[in-house]
J.: 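Quick one: structure below, then a few questions.
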There are 2 protein chains.
Amino acid sequence: MKIDGALMGKEIKFKIWIEEEEEKFYGPGPNQLLKEIQNEGSLSKAAGKMNLSYKKAWEMVQRLNHHSEKPLVILKKGGQHGGGAEVTPHALKIIEDYDILQKKMKELVEQQHEFLKVLN
Amino acid sequence: MKIDGALMGKEIKFKIWIEEEEEKFYGPGPNQLLKEIQNEGSLSKAAGKMNLSYKKAWEMVQRLNHHSEKPLVILKKGGQHGGGAEVTPHALKIIEDYDILQKKMKELVEQQHEFLKVLN
DNA sequence: AAGCGTTATGTTTTTACGCACATATCGGTT
DNA sequence: AACCGATATGTGCGTAAAAACATAACGCTT
């Protein structure tokens with residue numbers, strides 16, 4: 001059986017994000033960053049895993065914390081291992097919710113994808 | 001009754017597009033452009049309505065036609081009115097399908113938006 | 001107090017992109 | 001054949017985004 005979507009190489013893609021006062025602060029990037037921070041316990045290592053400059057990662061964290069009542073990431077400098085980063089329980093909740101919405105969107109798109117046939 | 005989404009100014013936004021071989025060719029911009037072309041019968045006027053340069057609009061049309069088996073826009077140069085632009089029935093079908101998907105996505109997001117509460 | 005690894009921040013360089021501008025082309029009308 | 005309005009296409013400039021580079025600050029350990 002032929003699957004149109006794959007054969008013709010056309011894909012429906014989408015992106016979800018959260019913004020406040022015209023500023024985007026949560027999306028695919030920050031979502032992944034939070035997960036990496038959770039794994040690594042370090043912002044610089046998390047950035048490295050994502051092929052992201054430390055600076056951009058740091059700015060992401062600032063935006064995240066700025067737009068949330070309670071901090072999502074806690075950064076510590078100095079100390080035994082030079083410092084570190086950890087995510088709060090609030091962050092875990094947001095990651096989960098974002099992933100759920102992402103999944104539902106994906107299902108919706110896949111249901112609907114036969115409209116690409118018009119392009120043939 | 002308080003509506004969290006409005007009060008805290010945080011919004012969930014999304015975008016859908018179609019791409020082929022890493023190249024985006026259909027999204028909110030082209031979708032609106034097709035509608036404007038249908039109204040105006042002219043690519044330059046359609047571009048004007050969108051505050052878009054003629055060049056960018058023309059490139060959009062090239063991409064649209066390039067990635068579709070059958071043309072979505074027919075451009076004519078010269079003649080009584082200097083030329084003109086019109087959309088094909090295929091374009092109308094795509095516009096419709098895109099708008100439907102857009103609407104369903106919007107509904108899904110609105111259902112799900114209570115997850116913003118975590119940010120308070 | 002010296003060392004270490006990480007966070008924190010500034011400066012410079014490069015790249016990408018939009019945008020204005022200029023000009024050519026076409027074909028029906030007059 | 002001159003005119004007109006729209007399509008067709010190239011070029012240079014300015015700005016903004018991204019990347020690269022440099023350096024400071026911190027606090028525990030030894």
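Throughout, a chain's letter reflects where its sequence line sits, starting with A, and its residues are numbered from 1. Side chains included, hydrogens not; waters and symmetry mates left out as well; all remaining heavy atoms used.
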J.: So does B:K93 pair up with B:D97, basic N to acidic O under 4.0 Å?
T.: yes
J.: For B:H81 and C:dT30, give me the distance from atom NE2 to atom C1', rounded to whole Å.
T.: 14 Å
J.: Side chain of A:A85, heavy atoms from C-beta onward: which of C:dT7, D:dA18, D:dT29 has the nearest atom to it?
T.: C:dT7
J.: Rounded to the Å, how far apart are A:N51 CG and D:dA18 P?
T.: 16 Å
J.: Give the B/S/- string for nucleotides 9-16 of chain D, one per nucleotide from 5' to 3', where a protein heavy atom under 4.0 Å of the base yields B, of only the sugar-phosphate yields S, and otherwise -.
T.: SBB-----
J.: Which listed nucleotide (C:dT29, D:dT7, C:dT7) is nearest to the side chain of B:Q80?
T.: C:dT29
J.: Measure from NZ on A:K76 to P on D:dT29 and round the result to the nearest Å.
T.: 14 Å
J.: Specify the separation, in whole Å, of atom NZ of A:K77 and atom C1' of C:dA8.
T.: 5 Å
J.: What's the CD-C1' distance between A:E36 and C:dT6, to the nearest Å?
T.: 17 Å
J.: Which heavy atom of B:Y98 sits nearest to which heavy atom of B:I16, and what is that distance?
T.: OH-O, 2.9 Å
J.: Indicate yes or no: at least one non-hydrogen side-chain atom of A:T88 is less than 4.5 angstrom from one of A:K70.
T.: no
J.: Without decimals, in angstroms, what is the distance between A:I74 CD1 and C:dT6 C1'?
T.: 16 Å
J.: Does this structure show an ion pair linking A:K76 with A:E86, if we count only N-O contacts that are shorter than 4.0 Å?
T.: yes
J.: Send over the distance from B:E86 CD to D:dT7 C1', rounded to a whole Å.
T.: 14 Å
J.: Round to a whole Å and report the spacing from CG of A:L52 to P of D:dA17.
T.: 17 Å
J.: Does A:E20 pair with B:K10 as a salt bridge, N-O distance under 4.0 Å?
T.: yes
J.: Given D:dA18, is OP1 or OP2 found less than 4.0 Å from the side-chain N or O atoms of A:K56?
T.: yes
J.: Would you kindly say whether B:H67 and B:E23 are connected by a side-chain donor-acceptor distance under 3.5 Å?
T.: yes
J.: At 4.0 Å (heavy atoms only), tell me whether A:S53 reaches a base, stays on the sugar-phosphate, or touches nothing.
T.: nothing
J.: Considering only D:dT7, D:dA19, C:dA8, which nucleotide approaches the side chain of B:L75 most closely?
T.: D:dT7
J.: Give a yes or no on whether a salt bridge exists between A:R63 and A:E59, defined as a side-chain N under 4.0 angstrom from a carboxylate O.
T.: no
